[in-house]
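Please read the structure below before turning to the comments.
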Amino acid sequence: MLRIYNTVQTETQEVESVTCNKCGKPIKKEPYGYWDTFISVEKTWAYGTEWDGETHSFDLCEHCYRELIAQFAVPVTRSE
Ligand SMILES: [Zn+2]
C-alpha cells in the first residue's frame, strides 16, 4: 500500500464564555479549561405542545441551579 499524505489545517471551536440565563452573570471556567460549574439544558418540544416543535436551550450557574432545585416538590435524584 502506498499512501501520500498532505498536511491539512483545521479549525475547531471551543467555548470562550458562558453566561447564566437566569442571573445573567458570567460563569467561570474551571482550572485546566473545564466547564463543570453550570448545567446546560436543551429541549425540543414536540408538535402539539405549547411550543410546537421549538428547541429551547439555556445554561444555569451553580447558584441558580441550587435555587431552582430548592423549589422542587420532589428532590433531585443524587448518585455518585
Ligand atoms: Zn445564575
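Counting starts at 1 for both ligands and their atoms, in listed order. Throughout, residue positions are numbered sequentially from 1 according to the sequence presented.
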#### Entry: Thr37 side chain reached by Glu30 side chain, heavy atoms, under 4.5 Å
yes
### Task
Not counting sequence neighbours, list each pair that qualifies as a salt bridge (charged side-chain N to carboxylate O under 4.0 Å, His left out) and has a residue in residues 43-53.
none
## Note on the structure
When rounded to the nearest 0.5 Å, the distance separating CZ of Phe38 from NZ of Lys28 is 15.0 Å
### Task
Using 2.8 Å as the cut-off, note every protein N, O or S atom close to the Zn ion (ligand 1).
Cys20 SG, Cys23 SG, Cys61 SG, Cys64 SG
### Query
Which pairs pass side-chain hydrogen bond (donor to acceptor under 3.5 Å, both in side chains) with one or both residues in residues 69-80, sequence neighbours excluded?
none
### Query
Under the salt bridge (charged side-chain N to carboxylate O under 4.0 Å, His left out) rule, what pairs show up with a residue in residues 55-68, not counting sequence neighbours?
Lys22-Glu67
### Task
For the pair Trp51 and Trp45, name the ring-plane relationship: parallel under 30°, tilted 30 to 60°, perpendicular over 60°.
tilted
